[in-house]
Amino acid sequence: MNSGSLNFYLAAAILGVLWLGTLVGKPFGGRHPVAARRVEPSSRGKLVLASFLTLFAELAFIRWIGVELRVFAYFKNLALLLCFVGFGLGCALAGEMPRWRSAVAAVFGLLLLVRMPWRGGLFDGLSQSLGGAGDLVIWATGNGSDWLSYGLAALLAGAVFLLIVSVFVPLGQTVSLQMDRARSALPAYSWNLVGSLLGVLVFFAVSLLMLPPSVWLGAVLLGFAFLQASRREMMFVASLIVPLVLLLHPQADPGTKVLWTPYQEVRYRPEHTPDGETYGGVMGVNRTFYQRIVNLSDEFLARHPGLMKEAVDENPYNLPFRFAAPNPTVMIVGSGTGNDVAAALRNGSRGTDAVEIDRAILDLGKQEHPEHPYGSPLVSIHVTDARAFVKRTRQRYDLILFGLLDSHGQFSDYANMRIDNFVYTAESFREASRRLNSNGVIFLKFQVDHEWLAVRLAEMLRQTFGKSPLVFKANSNYSVGATCFVISPGKRVEEAMGADPRLAKFVKENASALGSGFIPITTDDWPYLYQEGRWIPRTYYSIGILVILIAIGLYGQIAGARRKAPSLFFFSMGAGFLLLETQVISRLALFFGTVWQVNGIVISALLLALLLANAVVERKGARWPRFWTWAALLAGLAIAYWFPFDRIGGSPTIAGMIATVVLAVPVVFAGILFATEFRAAKSPSAALGANMLGAVAGGLLENLSLLFGMRALLLVAMGVYCLAGVGLLREKQAAII
């Protein structure tokens with residue numbers, strides 16, 4: 001029995017004893033309507049802590065579940081919506097005792113469900129079924145068409161999502177109850193925002209320090225303990241941190257390094273020759289094979305002839321330099337652990353810019369790569385987003401190498417966008433072409449599992465250079481099978497083929513014939529590389545419907561007296577703000593890069609903007625003009641829609657700052673309008689609950705960008721805010737009557 005299984009059984013035993021102990025005593029967190037009716041003063045500390053935990057737990061659970069269940073790494077925003085459903089339900093149940101028992105049980109239900117020793121077959125099958133749609137690329141899944149398996153997988157996903165909902169119900173109850181008890185709703189809302197901001201900042205620090213999930217989720221459970229009503233309940237919940245840590249102990253083979261980077265979970269296992277020499281290792285990302293570190297130096301191959309099965313010159317790492325000019329200047333985007341960088345040095349590069357977004361992967365290459373390419377003085381290291389580097393550099397290159405740069409996760413919890421989406425757009429390739437010397441070459445390697453993906457990449461290169469690229473396969477026993485795309489603005493590719501008959505023969509024998517069907521190219525406005533066409537994939541439909549069904553089912557738990565239609569105004573404001581938030585994050589990522597810091601900075605800035613709006617309304621009071629604020633909001637959205645962001649001159653940083661100002665205008669006015677009405681709301685909990693449910697609707701509407709592009713979401717937001725105006729008018733008329 002391995003240590004992971006032992007920890008599982010030990011944790012389960014401890015958990016069983018603890019639950020048995022609590023069952024013989026007074027249960028906590030149940031339905032006690034009499035106790036709930038006791039009027040107690042509002043606690044600012046409890047409000048801030050619950051608000052902190054809401055944002056922190058939201059980020060923690062979504063990130064963790066996206067690694068444990070691989071398919072959800074690509075649908076984090078939908079899991080986010082379940083967090084909103086849970087919090088919104090909690091707001092509607094503010095009159096009941098907080099459901100902490102259900103929340104704690106849900107935490108351990110998730111842990112036991114996804115960490116059980118026999119989980120592999122069950123949940124690998126789930127990922128295979130949900131991710132097997134042919135119109136969407138998800139790595140390490142098949143092209144499944146078994147609708148029965150697909151439906152069963154959706155039900156299993158629904159069970160996981162239902163557990164996530166349960167975690168957030170008592171947080172919504174606590175926050176909304178404290179707001180209802182406050183003397184004034186607006187200051188209480190400001191403290192809610194302060195707690196949320198702290199939650200984002202602390203998770204920002206957790207990501208920076210690369211702390212494991214046992215720390216994040218342990219902190220969530222500790223926060224739950226501090227929110228309990230009695231010392232006994234507090235001690236009980238705090239004691240559960242022990243089995244939680246045991247359950248979260250990494251289940252990995254001995255000698256495997258496990259790193260939780262700000263982007264993903266990375267696992268690395270060294271590999272050895274038959275005589276015990278370390279020559280590299282295998283790296284996985286989010287439980288999926290990602291790349292292998294290999295030693296292709298002449299000295300190593302001479303000591304171990306026949307270890308590498310294919311011809312060394314025709315492997316995916318050495319091939320690009322057969323096309324490039326002698327002693328090239330090289331840019332490598334997605335340099336990873338350094339295999340391509342090592343190849344550049346072996347092939348006489350006189351200067352290499354290595355660009356890698358994940359510092360932890362780069363550090364792993366520094367420590368583990370046997371050729372030590374990152375230690376060479378000829379290599380300059382750039383820890384940043386590939387597209388951001390291409391925008392900012394003024395260097396020109398003989399070879400720009402896209403090194404199997406493909407994403408295994410989402411960039412943001414608020415957008416259907418993967419980390420590398422902006423790298424593979426028509427605008428990005430045009431920018432890269434301007435960084436080439438006259439005889440320069442672009443060499444792009446990609447794992448192509450669907451022919452339409454190869455057609456899209458080839459078409460973007462054809463449109464950029466006015467001619468078709470060479471497309472051929474270069475398989476390897478120590479790398480994924482790479483489809484290679486090679487093109488040059490001049491005749492360099494043709495000259496290289498003519499001067500190297502062996503290269504010409506290899507290309508001819510491994511040429512890829514591409515289909516002729518129409519595949520839309522990706523652009524900065526529609527950057528969805530991994531989606532076949534401008535439609536919503538069936539996976540998004542099924543999980544989106546699942547979210548709606550869960551929300552409707554849980555709505556039945558609300559007592560009849562409290563079960564009423566949510567405020568149209570607050571519902572629409574929630575939907576509109578999530579759409580606006582998605583737009584801000586996506587747009588600024590284009591200027592500042594899809595680095596993890598952008599998420600934290602943007603969300604923090606949005607929360608600060610809302611705090612500023614609260615301060616303005618608190619100062620002006622009832623004199624603030626509601627109609628003109630609403631009109632200014634719509635005007636700000638219209639300006640953001642029509643503003644020519646792509647024509648801003650100057651550096652990308654200056655352009656990004658201008659974009660920030662333009663997008664900040666509707667955010668501030670939306671915050672002022674919300675704060676003005678929230679200040680006068682009869683029931684802050686009902687207003688907050690309607691706002692959360694609106695955010696769920698906004699998250700589902702965000703999928704319209706898959707049809708019409710991201711910019712169109714501003715038009716959708718304008719329509720939603722028009723509904724908010726209708727709700728505002730109706731509430732004003734009702735007040736007069």
Distance-only donor-acceptor check, side chains Q395 and T329, under 3.5 Å: no
Partner residues of E265 under the salt bridge (Lys or Arg N to Asp or Glu O under 4.0 Å) criterion, sequence neighbours left out: R267, R287
Worked verdict on E271 versus V294 for side chain to side chain contact (heavy atoms under 4.5 Å, CB included): CA-CA 9 Å; E271 290 187 320; V294 289; over 6 Å; no
Parallel, tilted or perpendicular: rings of W260 and W216 (30°, 60°): perpendicular
Contact summary for A354 and Y374, nearest pair of heavy atoms: CB-CE2, 3.9 Å
Atom of N339, atom of H369 and distance for their closest heavy-atom approach: OD1-NE2, 2.9 Å
Verdict with supporting geometry, F591 and T660, side chain to side chain contact (heavy atoms under 4.5 Å, CB included): CA-CA 10 Å; F591 292 104; T660 301; over 6 Å; no
Heavy atoms of other groups near R359 CZ, more than 12 under 6.0 Å: no
Which atom of R492 lies closest to which atom of A324, heavy atoms considered: NH2-O, 3.0 Å
Trace of the side chain to side chain contact (heavy atoms under 4.5 Å, CB included) decision for V602 with F592: CA-CA 11 Å; V602 170; F592 298 112; over 6 Å; no
Exercise: identify the closest heavy-atom pair between W526 and L706: NE1-O, 2.8 Å
Parallel, tilted or perpendicular, as decided by the 30° and 60° cut-offs, for the rings of F323 and F443: tilted
Nearest-0.5 Å distance, CZ of residue R434 to CZ of residue R394: 9.5 Å
Sequence neighbours excluded, every pair satisfying salt bridge (Lys or Arg N to Asp or Glu O under 4.0 Å) that has a member inside residues 379-388: R387-E431, R387-D524
Residues which pass side-chain hydrogen bond (donor to acceptor under 3.5 Å, both in side chains) with D353, listed by chain and number, not counting sequence neighbours: H382, Y397
R462: partners by salt bridge (Lys or Arg N to Asp or Glu O under 4.0 Å), with sequence neighbours left out: E459
Which residues share a side-chain hydrogen bond (donor to acceptor under 3.5 Å, both in side chains) with H372, sequence neighbours left out: none
Side-chain touch E451/I519, heavy atoms, less than 4.5 angstrom: no
Minimum heavy-atom distance L59-V200, with the two atoms named: CD1-CA, 4.4 Å
Q531 (side chain) donor-acceptor with W535 (main chain) under 3.5 angstrom: yes
F402-F429 aromatic ring centre distance below 6.0 Å: yes
E356 side-chain N/O to T337 backbone N/O, donor-acceptor pair under 3.5 Å: no
Enclosure of K505 NZ (heavy-atom neighbours >12, cutoff 6.0 Å): no
Under the side-chain hydrogen bond (donor to acceptor under 3.5 Å, both in side chains) test, residues paired with T483 that sit two or more places apart: K473
Polar side chain donor-acceptor pair, S297 to N295, under 3.5 angstrom: yes
Considering all heavy atoms, the nearest C484-K445 contact: SG-CG, 4.2 Å
